[in-house]
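Please read the structure below before turning to the comments.
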Amino acid sequence: MLILECPYCGVKAEETELQPGGEAHLKRFGPGSSPEDFEAYMFARKNPKGVHFERWRHAYGCGKWFLAARCTATLEVFGTYPAQSPEPPADLVNKIKAKRPEWKGWK
Amino acid sequence: MKRYSVFAIAREALRYHTGWERAWRSPDPKPAYDAIIIGAGGHGLATAYYLGKNHGITNVAILEKGWLGGGNSGRNTTIIRSNYLQDSSSAIFEKARSLYETMSQDLNYNVMFSPRGLLMLAQTHHEARGYKRTVHANRLQGVATEWISPQEVKKLVPIINIDGPRYPVLGAQYQARGGTARHDAVNWGYARACSDMGMDVIQNCEVTAIRSENGMVTGVETTRGAISCKKLGIVVAGHSGVLAEMAGFRLPIESMALQALVSEPIKPCIDVVVMANTVHGYISQSDKGELVIGGGTDGFNNYTQRGSFQHIEETLRALIETFPIISRVKMLRQWGGIVDMTGDRSPIISKTPLGNCFINCGWGTGGFKAIPGSGWAMAELVAKGEPGPLAAEFDMWRFKEGRFIDESVAAGVAH
Ligand SMILES: Cc1cc2nc3c(=O)[nH]c(=O)nc-3n(C[C@H](O)[C@H](O)[C@H](O)COP(=O)(O)OP(=O)(O)OC[C@H]3O[C@@H](n4cnc5c(N)ncnc54)[C@H](O)[C@@H]3O)c2cc1C
Ligand SMILES: [Zn+2]
């Protein structure tokens, strides 16, 4: 069972408390943007087999959105951080690099 | 290839079954092919089969990283139906369903197609309205479905509880020629037919890179060496994103786990397929007597072919309410597959930004039923370089242009 630590309330929440929200750090595009940008934001996904950054909500806890780094091939959790982060924190990125030397980075 | 027949069984019985030959060859890869298909699931194998049968292209290799049929095509709950809402969906699914009717004869392989009838229960008023609308659409499309009353449901499914407190059965959408087939046999039958046409089905051969020159595909690198090809078809379901990255583009697809389970074998008690989409559960009984049960997908990206326990619980909770008789049946096995979910829950059969490279994916939770139709359409695309009428609307650019084929009601949870 997947367990993620909520970065706000510190609860080690198990899957039934959480709501998945898909790929994190997407750049938003709104009305007036090009079809390519809009498609990239709405539909195109990295969907990697490996390190994935994603949005989660502590739905049956504090109710807040947060972000998590997880491996989709092994279900290993690397860490969680607040939803307001424009990019993954450097210490988390370094931790992942140390564990997965072949990883090409989060972009 | 020696034909399978009642005479063959008699002949082999008389000589201690020493004369059966291998169903397909296991060749080493050649240095080059006219066409390479990546992925020996049902869709990849059917694509290769129709490349040979409909278009005369037989210098073909089908490359499989594991064993053939080891992906979703060997992990599904084998439901076959074509009662979709949108015209382009019902055209390809009905093409597939009608090809299932004669598949055993066409392939000389018993795929155990069993058009036993399929019910999609309406358990909310919203759902009832939606299914009535689909029945009307199906009538215009020439797909035989009907709306039936709760009493008719009860007659077809005596073990059902039609007046449960939370989700009473308000009626059902019924497709009398929907049903099931044996998934392994579909994969094996196509593999045998492809091998017989001279194609190479190469297992334990993982594609690790896609080679191209001036925007045109030239071949692949694999765990068994580099192989060149004039045309490439990517048909890898849950791994579509991984292969698309090798080919240099991104897809509107997320890979997630979908689970199924079977019970201990019990006496025959249900001879149709019942789907209950509001509560995310569906059920049929195999010839061995096992109840074959499935539910909804997990919500997060996952490549592990293992799903979350609470989804099994959800599915069973719903089914027990609808079929109280099964509440004490023991479950035997449970497993997962990685399904490729697109943004509009409809598949992609498309050219790609890379020249002579084509992709067939996005069948998600419901592509077993589509295997022959999808192979038919994909073979046409690979052979001619342009989609035929079946595939035309399923291109990957529809997401940019807003031409969605919105089946999320019908295909998002249902199989
Ligand atoms: C639990 C479950 C229940 C389902 N129930 C139903 C149902 O009742 N009815 C229905 O219609 N559909 C159902 N489906 C969906 C259906 O199984 C799939 O849509 C369909 O089987 C997809 O077939 P495919 O050939 O595209 O993919 P797969 O059968 O998954 O084949 C893809 C193949 O590609 C191979 N591959 C991947 N990467 C590489 C690589 N790099 N190199 C070489 N090979 C590679 C894989 O090993 C795999 O064998 C269900 C799915 C699941 C998981
Ligand atoms: Zn919290």
Side-chain angles (χ1 to χ4, degrees), chain A residues 1-4 13-27 29 31 33-60 65-78 80 100 102-105 107, chain B residues 65 206 208 236-246 248-257 296-314 317 336 338-346 348 353 361-362 364 395-404 406:
Chain A
M1 179 157 279
L2 189 66
I3 295 173
L4 298 176
E14 57 106 325
E15 220 178 305
T16 58
E17 269 180 76
L18 299 165
Q19 179 199 332
E23 187 176 322
H25 304 299
L26 290 173
K27 186 164 167 30
F29 288 91
S33 49
S34 72
E36 287 75 17
D37 286 343
F38 200 60
E39 182 199 18
Y41 157 52
M42 286 294 283
F43 297 109
R45 293 293 174 264
K46 291 191 190 116
N47 193 21
K49 184 174 184 175
V51 182
H52 191 223
F53 295 87
E54 52 197 19
R55 289 156 27 99
W56 286 85
R57 196 166 81 89
H58 193 189
Y60 297 104
W65 284 100
F66 63 92
L67 305 180
R70 210 171 50 81
C71 175
T72 61
T74 61
L75 301 188
E76 179 178 0
V77 176
F78 302 112
T80 55
R100 302 285 153 96
E102 75 290 350
W103 177 52
K104 294 196 197 95
K107 287 214 163 132
Chain B
K65 78 176 160 75
E206 177 170 355
T208 52
V236 294
H239 280 76
S240 297
V242 178
L243 271 291
E245 204 197 337
M246 291 181 201
F249 57 93
R250 211 166 263 187
L251 288 169
I253 283 194
E254 299 198 76
S255 299
M256 294 172 180
T297 56
D298 292 5
F300 56 88
N301 297 53
N302 183 351
Y303 280 85
T304 65
Q305 295 184 324
R306 270 190 318 230
S308 305
F309 291 118
Q310 81 266 18
H311 285 279
I312 299 178
E313 198 184 340
E314 264 170 36
R317 197 193 298 147
I338 299 306
V339 292
D340 38 340
M341 307 297 285
T342 61
D344 64 357
R345 299 296 187 256
S346 283
I348 293 171
C361 62
D395 66 285
M396 62 184 273
W397 289 281
R398 70 176 187 267
F399 294 92
K400 189 173 75 187
E401 294 164 10
R403 290 180 285 107
F404 309 116
D406 190 358

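Heavy-atom basis, side chains included; hydrogens, waters and symmetry copies ignored. Here the structure is a predicted model, which is why all the values come from computation and not from measurement. So that the names make sense, note that chain A is the first sequence line, chain B the second, and so on, each numbered from 1.
In this pair, His239(B) and Tyr303(B) present their aromatic rings perpendicular. The plane angle is above 60°, beyond the 30 to 60° band.
With a threshold of 4.5 angstrom between heavy atoms, Ser34(A) does not approach chain B through any atom at all. Proximity to chain A (any heavy atom under 4.5 Å) is shown, for Glu401(B), by neither the backbone nor the side chain. Contact of Ile253(B) with chain A is made through backbone and side chain together, with heavy-atom distances under 4.5 Å.
With chain B as partner, the option from Glu15(A), His52(A), Lys46(A) having the largest number of non-hydrogen pairs under 4.5 angstrom is Glu15(A). Highest contact tally toward chain B, considering only Gly21(A), Gly22(A), Pro35(A), Gly50(A), is held by Pro35(A) [criterion: heavy-atom pairs under 4.5 Å].
A salt bridge links Lys400(B) with Glu36(A): the closest approach of a Lys/Arg side-chain nitrogen to an acidic carboxylate oxygen falls below 4.0 angstrom. Under the 4.0 Å criterion applied to side-chain N and carboxylate O atoms, Arg100(A) and Glu76(A) are assigned as salt-bridge partners.
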Pair Phe66(A)-Arg55(A), side chain to side chain contact (heavy atoms under 4.5 Å, CB included): steps then yes or no: CA-CA 6 Å; Phe66(A) 63 92; Arg55(A) 289 156 27 99; over 6 Å; no
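Counted by atom type alone, Asn47(A) and Glu254(B) present zero donor-acceptor pairs between their side chains at under 3.5 Å.
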